[in-house]
Amino acid sequence: MTTNPLLDATGVAKNYGAVAGLRNASLSVLPGEVHALMGANGAGKSTLVKILTGAIKADAGRILIRGKHLDVRSPADARRAGLLPVYQEPSLIPDLDVLSNLRLTGTPVEPFRAWVRELGIPNLDIRDTARDIPLAILRVLDLARALAVEPDVLLLDEMTAALPANLAEKVLEVVRRQGDAGRSVIFISHRFVEISALCDRATVLRDGSTVGVVDIEPGIEERIVEMMLGTRIEKTRVAARAANDVAVAAGGRTRLSVRNLQLGTKLNDVSFDLANGEVAGVFALEGQGQDELFAALAGSIRPSGGTIDVDGAPVKFSHPSDAIQAGIAYVPGDRSEALAMQRSVRENIALPFSAGLRKWGPIRMRREQVVVSGAIGRLQIDTRAQGEVQRLSGGNQQKVTIARWIAANARTILCFDPTRGIDVGTKQEIYKLLRELAGQGKSVLFYTSEMEEVQRVCDRVIVIFGGRVVDTFSVEEADEPALMRAAYGLPRGARADVGILADVRPASDAEAAS
Amino acid sequence: MTDIATMPRPVSFGRRIKRFMADRPLIPLIILLIILVAILQILRPGIVNERWLANTAKFAIPLAILAGCQTMTMLTGGIDLSVGTVATMSAFIMATQIVSQDPTVAFLLAILPAVLIGLVNGIGVGVFRVHPLIMTLGTSLIGTGFLQVYQRTVIASGAKIPDFLNWLGTGVTYGFPNALLLFVPVAVLIVFMLNRTGFGRLLYAVGDNERAARLSGVRYWQVITALYVLSSLLAGITGLLYIGLIKAPSLSLAEPLVLPSVAAAVIGGTSIFGGRGGYTGTIIGALILTVLTTLLTILQMPEGGRRILFGFIVLFVTAAYLRIIEDR
Amino acid sequence: AGKYTIGISNTVQGNGWREEMICAMKAQALASGEVAKLNIAHRNTDAAGQLEDIRNLISAKVDAIVVNPADPAGIKAGLEEATKAGIVVVAVDQAVTEPSAYIISNNQEQYAYLGAKWLFQQMGGKGEVFYMRGAAGASADSDRDKGFKKALAEFPDVKVAQEVFTGWQQDQAKQQILSFLATGTPINGIWTSGIDNVIVDALVEQQAPMVPVVGADNAGFVGQLNTVKDLVGAAVTNPGSIGGAGVTLALQILDGKKPAQQTVLVEPQLWENATEEGKAKLKSAADPSLSPEWPVSISIPDWTTYTKDQIVACKGPGE
Amino acid sequence: MSRFFRNQGWVAGLFALLIFLFVITKLIQPGYGSGDFGSLARAVLPYAFAVAAQTVVVIAGGIDLSVAAMMALTSVTAASMMNGASEEYALFVVPFVLAMGFVLGALNGILIVVTRVPDIVVTLATLFVLQGAALLVLGAPGGAAAEWLKASVIGTAPIPGLPDWADAWVPRALVLLVVCLCIVWIPLTRSRLGLSIYAIGSNELAAFRSGVPVARTRIIAYALSGLFAAMGGLSLTISTGIGAPIPGPYLLASVAAVVLGGVALGGGKGGLFGPIIAVFVLRLVRTDLTLLAIDPNVTAIIEGLIMVAVVMFGAFITIRGRPAGATP
Ligand SMILES: Nc1ncnc2c1ncn2[C@@H]1O[C@H](COP(=O)(O)OP(=O)(O)OP(=O)(O)O)[C@@H](O)[C@H]1O
Ligand SMILES: Nc1ncnc2c1ncn2[C@@H]1O[C@H](COP(=O)(O)OP(=O)(O)OP(=O)(O)O)[C@@H](O)[C@H]1O
Ligand SMILES: [Mg+2]
Ligand SMILES: [Mg+2]
């Protein structure tokens with residue numbers, strides 16, 4: 001290679017007490033390259049990004065920037081060295097408005113605005129307080145803030161994970177142009193579509209060590225997955241959904257019946273049914289009322305109109321505990337919303353058992369142990385750091401949020417984007433689990449921001465647009481162009497160009513099989 | 001480009017000890033306590049005798065129970081500054097009502113305001129979401145006011161310390177203070193409650209992540225209301241024990257215990273931000289503070305110097321303790 | 001009903017002595033028949049807070065202000081403003097530096113001197129004394145310290161075994177005495193700044209050798225001097241009823257009967273149980289019906305005219 | 001406009017309450033005039049500085065329990081330095097004491113950053129240390145203040161262009177307060193440092209990741225708190241003419257006013273204006289209670305009730321005022 005790497009890290013290690021976050025990671029990024037950083041949940045991707053950008057200190061390793069040994073001790077140092085991260089969690093200060101956030105980091109306002117528009121948010125009010133801005137938009141603002149200072153190396157940690165398809169697409173476009181302009185990007189994502197559409201090379205991490213660097217070319221996905229998962233791959237592979245499974249579900253009795261649900265301006269007249277033994281998908285672009293729909297079904301907010309029937313009997317939820325009483329459990333997409341981070345895995349899973357007034361007494365530890373370890377086993381949660389949930393990797397944390405309701409044996413599970421930021425192996429496990437639950441006669445309502453998941457998991461897809469159910473597809477009909485069109489509020493059959501993701505490249509088929 | 005990092009580094013003896021202590025955070029605390037006692041013994045040879053131990057226990061017990069109230073409330077991210085007032089109220093009411101009432105009635109009358117204040121605290125914090133600091137401060141102001149108004153109605157009737165409380169507060173049997181009869185069950189109950197009951201779990205969960213608890217079906221206001229009532233109840237009982245120990249009802253009897261009770265819980269490793277901690281540490285924290293008070297009394301130095309020393313020692317103890325337990 | 005409005009300012013709340021002082025003020029105002037309304041500012045605060053209260057009382061246009069000063073010098077400005085506004089100012093319990101104010105006060109220095117001197121005599125002029133002071137930094141405490149040191153200077157063979165600040169708090173005092181007893185340090189006497197009954201309790205509980213104890217005339221301690229076996233001790237009067245005297249003085253001035261001097265000192269008395277004569281005094285002074293924190297000297301001859309029932313009822317005019 | 005009300009609604013409401021209280025005061029005491037307003041301003045002075053000191057750290061996500069002790073220490077230092085010294089010497093004393101507050105405050109911050117002990121514990125420890133130091137400086141109340149300093153809070157400040165009757169309503173104490181606060185606060189809020197203080201209070205991790213030097217910012221916040229506390233200490237010496245080593249009731253008052261003023265205990269939100277208005281409200285309530293000659297014990301009850309009720313009301317309207325569809 002003639003060009004020298006812009007960023008060159010070798011032998012990076014980081015221990016969190018007994019847990020090794022990174023053992024021996026290396027990463028070398030060339031100028032003008034979009035470099036994917038891949039690895040299963042807990043492989044150490046985020047840890048590496050944090051080390052490169054000075055957010056945490058490495059225990060060992062050598063980092064060269066433009067061939068020089070720079071001492072990057074804080075994000076501010078990294079910024080001066082031309083390294084700008086977008087971390088896995090939003091980094092705007094919640095109580096400051098966007099403008100103050102920009103001033104805080106010394107980001108020029110006009111370029112920022114331009115980038116925000118470019119990224120598909122035309123009408124941002126920069127006097128809005130960050131706390132009031134939805135998560136997906138916040139992620140985009142984080143990116144725009146990084147782009148506005150024209151960094152040499154942009155580090156994007158699961159930037160697209162929480163984004164709806166339309167925003168994700170813009171991000172990809174922008175990132176690719178960064179590469180073309182001679183800047184480097186380190187791109188972390190669990191979505192192969194994005195990797196293959198965008199990246200030049202990929203570094204693969206497994207258990208904290210770099211296990212390979214590959215050029216991205218058609219058909220490379222298989223190899224990457226092999227490297228990522230090592231021996232895990234065999235048992236996690238699962239066949240794509242066979243059409244005859246659908247027939248089984250179709251016979252189930254109606255479990256949940258929603259009629260004319262109304263909630264301010266967010267939900268208009270939403271009606272649908274969910275049967276026992278069914279996984280119903282909900283598909284929507286960002287902010288179409290899906291958050292509110294799930295919150296209403298979970299008892300978190302009270303709808304202003306309409307009815308919800310459970311097993312044929314009308315219910316009114318004034319608190320999540322009412323919904324839980326009716327056997328409806330909610331798994332939020334944001335795991336920090338669902339977990340007591342300083343408590344153990346066991347306590348987190350057993351939490352619902354103690355919720356009711358009558359359950360405040362002594363706990364039967366032995367019985368609890370059995371139930372909890374059953375759930376842990378079923379989700380294959382990595383329990384090495386189980387003393388405190390916050391020490392688990394993102395993916396394992398997500399599993400805990402689901403395990404809780406497996407343990408509590410909830411009859412209906414409302415899953416809001418449960419695979420956000422989860423590696424392929426774990427995703428497969430979750431798909432399998434949801435299908436299994438359905439097989440046991442439970443019902444699942446499943447919102448996802450990734451289209452291909454719909455075909456893998458769901459029996460039916462409900463598409464929401466502008467707070468209304470605009471269409472319902474059976475799984476066979478739910479191909480990506482059709483879903484996309486519906487999600488943009490276009491009637492079936494209409495032909496309109498809705499962006500690059502609509503004409504799916506053949507590569508995604510290969511990805512879908514992995 | 002050596003990759004030393006991948007080698008498992010040999011663990012030094014110091015690190016091993018540190019890790020051992022970190023997994024058992026009580027041990028460094030106990031060592032600290034022993035060091036303080038040793039210093040005391042060096043300064044005043046012979047002081048550490050049976051009588052001194054009993055006296056230390058007597059004074060540590062009320063502090064430890066109030067610190068238990070703080071531990072529980074701090075686990076939920078709260079604090080209960082009304083414990084001093086509540087303890088004082090129940091003590092004062094007991095001492096004045098016993099003159100004319102049946103002991104059971106006097107006891108009920110003494111405990112009633114405690115429960116009421118706890119209830120108001122709980123509703124304020126749990127339902128109206130008032131910050132616990134402000135809420136409990138407010139109710140303690142209100143309580144003090146009521147107590148002063150009440151005091152004027154009983155000046156003429158005098159006060160008396162019931163024999164039983166006297167026995168409980170100051171008595172010693174076979175070298176063991178009788179107060180242990182109250183304290184041991186209370187301590188066991190609190191420890192059991194925090195570790196092995198649903199309610200205890202909820203205290204931690206609510207303090208760690210209230211939204212997560214809510215999504216798991218926990219009704220915040222129920223937990224908080226029960227918690228503050230329990231805390232006040234314990235404070236009320238402490239007041240009764242304390243009046244048996246001090247034997248002089250005054251309107252500010254237990255006020256001086258409030259800040260030390262918070263300090264004891266913090267020294268014992270309970271996080272003021274919620275979700276982390278436990279009661280056994282708190283008990284040792286209370287003992288440490290009590291021994292420290294004695295130590296400073298014994299030291300012949302100006303009052304100013306003593307306070308400075310007290311401040312530094314509290315800071316040093318907490319810092320050292322944190323240092324030891326933090327990197328597990 | 002009377003014709004005057006009297007303002008009262010006090011900066012310590014929840015302490016038996018101060019409560020008695022307030023009740024004495026109310027009872028005297030009622031008994032005099034000259035007061036229409038009392039305006040009481042009574043809370044825990046410092047000199048700056050007392051300045052605020054005094055100025056509020058000026059705003060309320062009272063005729064006289066009776067004040068127990070948080071500090072002799074610290075409220076000078078407020079008292080000066082009051083005098084300028086034509087308000088009669090009387091300081092009780094402690095002196096103030098404002099020259100226009102009248103002062104009727106317990107003699108704190110004398111209080112300590114009297115008790116300490118008696119104690120050192122009981123100790124035979126030699127030995128170790130446990131010196132339990134009040135709140136560090138309070139002016140009454142430093143006045144008493146002067147008296148104590150004066151007595152100490154007269155007895156060169158008496159040594160201070162240990163000096164502690166009780167903060168005028170009973171729990172603290174009790175813990176201190178118990179810790180001290182546990183050290184086994186021999187002592188020959190205890191002087192306390194009015195936190196006395198817990199000390200006797202501690203001696204009894206620990207079955208420690210009884211040593212002479214000097215305290216104040218609090219009901220609890222006076223009772224103990226009469227009843228506790230082997231206890232030799234003395235109560236020095238520090239009447240909270242000085243408050244009533246302050247009201248009387250203020251009314252006299254309002255009625256045009258100015259006293260000859262700006263300052264009237266109420267001299268403390270010492271009641272001891274070492275002599276038969278002293279015992280008799282103590283017997284007659286004892287009052288088990290009072291709260292143990294209240295001083296038994298609930299009235300001051302020539303200065304207060306209320307009855308015991310009136311001060312105990314603690315009701316002012318119009319209540 | 002709606003954003004203004006969302007952000008400033010609480011302060012606006014508080015201001016309305018203050019106006020309302022003035023009207024009430026005038027009704028109770030028709031003679032209430034400019035001189036009485038001057039008294040109010042002087043009474044507000046130490047509280048206002050204490051609350052400013054508390055506000056800075058609370059916005060930065062901390063709490064400072066040593067505010068009152070810091071005021072005591074700076075007050076006795078100033079008073080003992082000026083005792084028997086010439087009038088000009090005070091010109092040196094004032095900056096010296098302010099610098100001392102700043103440095104001691106910074107020390108608080110450094111201890112928090114270095115020991116990583118929770119701020120509430122560190123400042124509790126420094127509370128004792130500063131109190132002890134104050135006792136060493138002056139064992140009993142005493143000292144003096146320069147005459148020109150005392151004069152700076154007495155009387156009114158003529159402002160050119162204003163008619164005399166209006167001048168009468170501009171007490172010097174108020175001018176002093178406004179000038180001292182604005183000199184520090186206005187440049188602060190316009191600087192990146194000010195933003196950083198809000199940022200670390202709002203979300204420390206996000207602030208760190210945004211490149212904010214978290215440790216340095218925290219130290220500066222505490223240093224500013226120390227500076228304001230020193231101003232408070234000086235104002236005590238100036239208004240009483242002495243220094244008193246025992247801290248006044250400024251700690252709890254400052255916390256209460258901070259919360260009443262709409263600054264969230266937890267950090268990141270609010271400003272200085274609200275808490276200052278809250279101080280005026282609380283002082284004026286006391287004036288009214290004195291004017292009405294309410295039983296002093298009932299006064300304690302009323303003050304407690306007001307504190308609790310206002311905060312409960314605030315909580316109530318925030319719960320009610322949430323836009324439909326938001327998760328509570
Ligand atoms: N603060 C921490 N304390 C202890 N262990 C940690 C901490 N942060 C991360 N780890 C551990 O370090 C390992 C790597 O975590 P990291 O977050 O880098 O994974 P990741 O590759 O980003 O995973 P994901 O795709 O799930 O986000 C995990 O085993 C995790 O449990
Ligand atoms: N403390 C616990 N430890 C372990 N598992 C538990 C515990 N409590 C409940 N479970 C499990 O959760 C599921 C539901 O149990 P639970 O007893 O709460 O049922 P329930 O029908 O809601 O009871 P009830 O009607 O009496 O409230 C069961 O599978 C049970 O095994
Ligand atoms: Mg990650
Ligand atoms: Mg993902």
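Naming: A, B, ... by sequence-line order, numbering from 1 per chain. In what follows, every heavy atom counts, from backbone to side chain, and hydrogens, waters and symmetry copies are set aside.
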### Query
Between A:Y447 and A:F416, does the ring centroid distance fall short of 6.0 Å?
yes
### Message
Checking side-chain polar atoms at under 3.5 Å, does A:Q390 have a donor or acceptor matched by the opposite partner on A:E388?
### Response
yes
### Message
Please tell me whether D:T123 and D:D119 have a donor and an acceptor in their side chains that are separated by less than 3.5 angstrom.
### Response
no
### Task
Measure A:L92 against the heavy atoms of chain D and call it side chain, backbone, both or neither at under 4.5 Å.
backbone
### Task
Please check if any side-chain donor atom of A:N268 sits under 3.5 Å from a side-chain acceptor atom of A:Q262, or the reverse.
yes
### Message
Shorter than 4.5 Å, heavy atoms on both sides: which option in D:A199, D:S196, D:G194, D:G201 has the most such pairs with chain A?
### Response
D:A199
### Task
Select, from D:A207, D:G268, D:G211, D:S202, the one with the greatest count of heavy-atom pairs under 4.5 Å involving chain A.
D:S202
### Query
Quick one: of A:T105, A:L104, A:T53, who has the most non-hydrogen atom pairs under 4.5 Å with chain D?
A:L104
### Task
Would you mind telling me which of D:G267, D:A264, D:S210 has the largest number of heavy-atom pairs within less than 4.5 Å of chain A?
D:S210
#### Entry: Part of A:R302 lying under 4.5 Å from any heavy atom of chain D
neither
### Task
Using only heavy-atom distances, determine whether the side chains of A:D157 and A:S46 contain a donor-acceptor pair under 3.5 Å.
yes
